[in-house]
Protein chains: 2
Amino acid sequence: MEIDQIIDNIYPLSTKSKNLIKKSIIEVKFPKGHIIFKANKIETSIYFIKKGIARAYAYSDDNQITFWFGKEGDPIVSMQSYVNNQKGYEDVELLEDCELYELKTEKLHKLFLKDIEIANWGRKFSELELIKSEERLISLQFNTATERYLALLKNYPSIIQRVQLSHIASYLGITQVSLSRIRANIK
Amino acid sequence: MEIDQIIDNIYPLSTKSKNLIKKSIIEVKFPKGHIIFKANKIETSIYFIKKGIARAYAYSDDNQITFWFGKEGDPIVSMQSYVNNQKGYEDVELLEDCELYELKTEKLHKLFLKDIEIANWGRKFSELELIKSEERLISLQFNTATERYLALLKNYPSIIQRVQLSHIASYLGITQVSLSRIRANIK
DNA sequence: GAAACTATTTAACAAATGATAAAAAAATAA
DNA sequence: TTATTTTTTTATCATTTGTTAAATAGTTTC
């Protein structure tokens, strides 16, 4: 997905303000398997996915638990770094060869203080992420594992096709074995 | 908690900008049990809790499931209404006699477009809510019910003392009976 | 293509949680 | 206070999920 569309989908900007953001963005490419965010590190950039998919995970004991998937158009953000300039708790791994738009957090924060349109763009950005986070929270709290799997299947069919089941299982809050059982029961 | 401190805790503002917000705020009081947000309704205000506690819940079949608690200093917001001007899915019930600060969403949105400091205050507001939402998501996905109960006990002891256990159980994603068992095992 | 490696499914048993009902404890009202 | 209602705990059994191990299927490498 092109950067103009990604920016506009969040909050439409005047050409002038959009160009201020675009001037701070560079395109980067990484291969499948690249770890773009490391846990316990302050991340200095945010990204938008032009092409490819990614996942965020953290460790619980020795197990990786995936808690986020991103696809074309989605932002890759370590919220602790972005909001509080603190270390994050997550790794982010690219699950395919990826093309990304990179934006330095510091540059964006300077724009927030200078340009009211961009400040509102940043507000909308967090508001939309918040809506997504709440939806996921409700899904985890209200629905059974089977319901969550079916919802993922319906809403993000591309993820299921492109991501291995062990990651999906931990994303759903269950073990890989349990997901296999659920899949067997559905058929 | 006083409104000046609530506003400043989100993002410090100049006197001028803070007064713009404060001019739009009125104080209101409601008794225990009052339903301040109704599901399937577009809410036109947000609130900040001066005194008291509240919970948000939605229905799953016939069961009320509590998914948020608020105490002094916390905002009461129906995100779907606030962000997208759409109907929310939650009721919000006041669990004690409450004193609240009320702010009309429409007035705030006008200020966002006029005052860059307030736009950044609004940005920070959503960012902080997003951090809270992510923390809760991780807690639900990574921790067992027992761990979540112990964390709530540690981080929000006031909630446990002031809220009945059936609400806490659904907040933790388990039944009331299961929470009783967990409490019995801990002692 | 065969061998080696990785991912997924299946099986068996253990542990945790749900559902229902009844008992006990606590809070509220007369 | 006593009676009534609400909240919490306990008990029993069913269901779901976790754990471990083995079998099968699918991929990658040589």
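Throughout, protein chains are lettered first and strands after them, A, B, ... in sequence-line order, and every chain is numbered starting at 1.
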Short side-chain N/O contact from T175(A) to OP1 or OP2 of dG18(D), under 4.0 Å: yes

N/O (side chain, R181(A)) to phosphate O (OP1/OP2, dT10(C)) under 4.0 Å: no

Distance, rounded to the nearest Å, where [X] contributes [atom1] and [N] contributes [atom2]:
| X | N | atom1 | atom2 | value |
| --- | --- | --- | --- | --- |
| N143(A) | dT17(C) | CG | C1' | 17 Å |
| R183(A) | dA7(C) | CZ | C1' | 11 Å |
| N63(B) | dT17(C) | CG | P | 18 Å |
| Q141(B) | dG18(D) | CD | P | 12 Å |
| H167(B) | dT7(D) | NE2 | C1' | 11 Å |
| L95(B) | dT7(D) | CG | C1' | 15 Å |
| N185(A) | dT10(C) | CG | C1' | 12 Å |
| I182(B) | dT9(D) | CD1 | P | 12 Å |

If you count every heavy atom of other residues, nucleotides or ligands that lies below 6.0 Å from [X] atom [atom1], does the total exceed 12?
| X | atom1 | value |
| --- | --- | --- |
| K110(B) | NZ | no |
| K32(A) | NZ | no |
| Y156(A) | OH | no |

Would you classify S180(B) as touching base, sugar-phosphate or nothing, given that sugar-phosphate means primed atoms plus P, OP1 and OP2, and contacts are heavy atoms under 4.0 Å? base

Given that T144(B) and L179(A) both sit by DNA chain C, which one's nearest nucleotide is further toward the 5' end? L179(A)

If you assign each of Q164(A) and V177(A) to its closest nucleotide in DNA chain C, which residue comes earlier from the 5' end? Q164(A)

Students often mix this up, so state it plainly: with edges at 30° and 60°, are the rings of F125(B) and F48(B) parallel, tilted or perpendicular? perpendicular

Decide whether S133(A) and S133(B) meet the rule of one side-chain donor and one side-chain acceptor closer than 3.5 Å. yes

Checking dG18(D), dA7(C), dT10(C) against the side chain of Q176(A) (C-beta onward), the nearest is dA7(C)

Which listed nucleotide (dT17(C), dT9(D), dT9(C)) is nearest to the side chain of A145(B)? dT17(C)

Tell me whether R136(A) forms a cation-pi arrangement with Y171(A), defined as NZ or CZ under 6.0 Å from the six-membered ring centre and within 45 degrees of its axis. yes

Double-helix bend of the helix from dG1(C)-dC30(D) to dA30(C)-dT1(D), axes at both ends from 5 pairs, round to 10°, gives 40°

Note: for S178(B) and G173(A) on DNA chain D, the residue whose nearest nucleotide lies more 5' is S178(B)

Looking at T105(A) and T44(A), would you say the former's side chain and the latter's main chain have a donor-acceptor pair under 3.5 Å? yes

